[in-house]
Amino acid sequence: MQQYVVQKGDTLRRVAARNGLALEQLLTANPWAAQQPYLKKGQLLYLPSSLRRRYIIQEGDTLERIGAAFRLSVGALIDLNPGLTDHSLPPGKTMVLPAPSSAHLIRLAGEYGPNELERDIQEMRIRYPALKWTVIGTSVLGKPIYAASIGVGPKALHMNAALHANEWITAPCLLRFAEDYAKALSGSTRIYGGDPEAWYTEYTLWIVPMANPDGVELVQEGVTPDHPYYDRLLDWNYGREDFRRWKANIRGVDLGDQFPAHWEEEVERRGKTGPCPQDYAGTDPLCEPEARALYEHTLDISPVRAVSLHSQGKEIYWNYRDYEPPETEDWARILGKAAGYRPVKLQGSDAGYKDWFIQHYRRPGFTVEIGFGVNPLPLEDFEDLCVEAGSIAAAFMSLK
């Protein structure tokens with residue numbers, strides 16, 4: 001059994017994915033790891049041998065049929081099983097199956113944080129030149145807040161994700177849609193029933209995939225004594241070292257309550273007077289750099305409609321104090337039908353991105369709560385969440 005020394009940024013899922021292991025295999029070899037919220041740099045992990053998938057050849061099998069069943073290429077099967085051909089596939093013989101491959105660049109190999117985003121943006125610049133990347137601001141700790149545009153149309157659209165730290169799975173879901181869109185353009189194909197070429201000429205879509213990178217990293221990796229906010233974060237988190245339920249940014253300000261839309265009333269309703277895991281609106285609207293970056297970017301592009309992706313609940317919030325235009329409710333129903341989500345007329349909530357957008361522009365704005373469960377949502381739900389978010393995004397692009 002191999003040994004591995006934990007490095008900064010490691011999580012159980014990331015280590016398992018890099019070594020071709022299931023999470024359960026890693027936990028079986030290191031049962032103590034399940035008893036602490038985060039791995040610690042310098043800890044030792046035992047890595048069991050990776051068990052390859054195997055298949056018992058059946059009567060009438062061909063390499064093409066086996067490959068199709070497991071979504072593998074014939075070449076990959078031959079590489080791991082030299083000597084096997086369609087003329088030499090004896091029933092009952094065991095063959096080795098390669099690890100499944102993904103047709104997508106955007107996929108999960110453990111948690112998806114700022115480092116994974118940075119890595120994938122560099123690759124997307126190469127693979128998908130239709131996506132134009134820029135930095136619209138920086139976080140409290142100096143991490144870049146990225147935006148990408150796609151399209152040449154005169155009307156701007158906007159989508160953002162991961163405003164709340166423990167809702168980080170919305171970031172790769174939004175990126176997956178952007179990848180599908182860019183890939184479909186080069187292949188002249190439709191996605192989720194929509195026409196990307198028509199979107200491209202009519203609109204310029206802007207996405208901000210990870211609006212709260214510091215908070216996302218905190219949720220996924222925890223905090224160590226060398227962190228500049230270490231003592232304060234533990235205090236704000238009521239002494240707990242587990243930050244997996246944390247929604248705020250690194251200064252304990254809930255970015256979902258930071259926008260200038262009846263902000264004072266939201267402060268009074270929430271009743272939070274200082275930094276904490278969620279619901280503290282800060283000292284002033286837009287006092288946090290992440291919220292201000294999103295606000296100023298939106299003013300710069302003046303989108304005709306906007307979506308903010310959150311989790312969870314499978315609901316779509318579409319109204320704000322009757323400032324929304326009359327078509328918004330019908331459009332919310334269209335978006336809801338695309339993924340089986342419920343449009344909800346929300347009351348008693350202020351200072352959110354969607355609230356400010358509707359109030360400021362009197363244009364349609366939506367908060368989409370993807371998935372169902374407890375945040376952070378399970379990584380195992382990712383592919384289903386991508387389909388749901390992608391279906392809604394395609395419907396959003398196609399609204400008339």
Side-chain angles (χ1 to χ4, degrees), residues 7-11 14 38-41 110-125 131-149 158 160-172 174-175 206-237 241 243-244 246-259 274-278 280-301 308 353 376:
Q7 305 297 310
K8 186 182 185 307
D10 279 342
T11 67
R14 287 170 180 162
Y38 302 104
L39 296 176
K40 304 294 185 182
K41 182 180 177 181
E111 295 85 352
Y112 197 93
N115 290 332
E116 287 72 26
L117 174 65
E118 190 83 41
R119 175 201 67 202
D120 286 348
I121 286 175
Q122 300 313 315
E123 184 63 26
M124 292 179 89
R125 291 183 194 272
L131 282 164
K132 311 297 184 184
W133 289 93
T134 188
V135 174
I136 62 169
T138 54
S139 68
V140 171
L141 296 179
K143 293 183 179 63
I145 299 173
Y146 287 102
S149 65
H158 171 82
N160 64 65
L163 199 64
H164 283 146
N166 65 344
E167 299 172 14
W168 59 261
I169 204 166
T170 56
L174 181 53
L175 286 167
W206 286 89
I207 66 167
V208 178
M210 191 176 291
N212 185 7
D214 296 344
V216 168
E217 187 174 72
L218 176 66
V219 166
Q220 295 175 352
E221 300 178 18
V223 65
T224 55
D226 60 348
H227 193 285
Y229 284 83
Y230 177 74
D231 291 328
R232 284 171 286 183
L233 283 165
L234 288 180
D235 182 47
W236 298 336
N237 202 35
E241 293 187 349
F243 289 88
R244 284 173 290 185
W246 187 272
K247 293 177 67 176
N249 76 345
I250 206 68
R251 288 200 291 226
V253 177
D254 192 323
L255 300 179
D257 289 329
Q258 264 278 282
F259 293 87
C276 57
Q278 65 182 69
Y280 173 57
T283 56
D284 296 285
L286 306 175
C287 65
E288 299 307 294
E290 300 92 346
R292 179 160 289 279
L294 196 54
Y295 168 86
E296 291 178 349
H297 170 68
T298 304
L299 292 179
D300 285 343
I301 66 172
S308 187
Y353 175 84

*Given side chain to side chain contact (heavy atoms under 4.5 Å, CB included), test Asp214 with Asn249 step by step and report yes or no.*
CA-CA 6 Å; Asp214 296 344; Asn249 76 345; 5.7 Å; no
*Report yes if some heavy atom in the side chain of Gln258 is under 4.5 Å from a heavy atom in the side chain of Cys287; otherwise report no.*
yes
*Counting distance only, does the side-chain N/O of Glu116 pair as donor-acceptor with the main-chain N or O of Gly113 below 3.5 Å?*
yes
*Would you sort out whether Asn166 and Arg244 count as a side chain to side chain contact (heavy atoms under 4.5 Å, CB included), showing the intermediate values?*
CA-CA 6 Å; Asn166 65 344; Arg244 284 173 290 185; over 6 Å; no
*If you draw a 6.0 Å radius around NZ in Lys40, do more than 12 non-hydrogen atoms from other residues or ligands fall strictly inside?*
yes
*For Arg125, side-chain hydrogen bond (donor to acceptor under 3.5 Å, both in side chains) partners two or more places apart*: none
*Calculate, to the nearest 0.5 Å, the distance between atoms CG and OH belonging to Asp257 and Tyr353 respectively.*
16.0 Å
*asked:* Assess whether a salt bridge exists between Arg251 and Glu290, defined as any Lys/Arg side-chain N lying under 4.0 Å from an Asp/Glu carboxylate O.
replied: no
*Can you tell me how far OH of Tyr230 sits from CG of Asp235, rounded to the nearest 0.5 angstrom?*
12.0 Å
*asked:* Is the ring pair Trp133/Tyr146 parallel, tilted or perpendicular, if the boundaries are 30 and 60 degrees?
replied: perpendicular
*asked:* Working note: Trp246 + Leu233, criterion side chain to side chain contact (heavy atoms under 4.5 Å, CB included); need CA distance, chi angles, decisive distance, verdict.
replied: CA-CA 10 Å; Trp246 187 272; Leu233 283 165; 3.9 Å; yes
*Might you work through the side chain to side chain contact (heavy atoms under 4.5 Å, CB included) test for Tyr38 and Thr224, ending with a clear yes or no?*
CA-CA 10 Å; Tyr38 302 104; Thr224 55; over 6 Å; no
*Do you know which two heavy atoms are closest between Gly274 and Tyr280, and how far apart they sit?*
O-CG, 3.2 Å
*Roughly how far, to the nearest 0.5 Å, is CD of Glu221 from CD of Glu111?*
8.5 Å
*All side-chain hydrogen bond (donor to acceptor under 3.5 Å, both in side chains) counterparts of Asp254, not counting sequence neighbours*: His164
*Between Pro209 and Ala162, which heavy-atom pair has the shortest distance, and what is it?*
O-CB, 3.7 Å
*Just one of Leu286, Asn160, Leu299, Asn212 clears the side-chain contact (heavy atoms from CB on, under 4.5 Å) bar with Leu294, so which one?*
Asn160
*Rounded distance [0.5 Å steps], CD1 in Ile301 versus CH2 in Trp206*: 6.5 Å
*Which pair of heavy atoms, one from Ile145 and one from Met210, lies closest together, and at what distance?*
CG2-O, 4.2 Å
_When you measure from the side chain of Gln278 to the backbone of Gly252, do you find a donor-acceptor pair of N or O atoms at a distance under 3.5 Å?_
no
*Decide if atom CD of Glu296 counts as having more than 12 heavy atoms of other residues, nucleotides or ligands within a radius under 6.0 Å.*
yes
*Taking all atoms of both residues into account, what is the closest heavy-atom pair of Tyr112 and Trp168, and its distance?*
N-CZ3, 3.3 Å
*asked:* Taking Val253's backbone N and O only, do any of them form a donor-acceptor pair with Glu288's side chain (distance below 3.5 Å, no angle check)?
replied: no
_Show the nearest heavy-atom pair for residues Leu255 and Phe259, with the distance to one decimal._
O-CE1, 3.3 Å
*asked:* Please give me the minimum heavy-atom distance between Ala293 and Ile136, naming the atom from each residue.
replied: CB-O, 3.7 Å
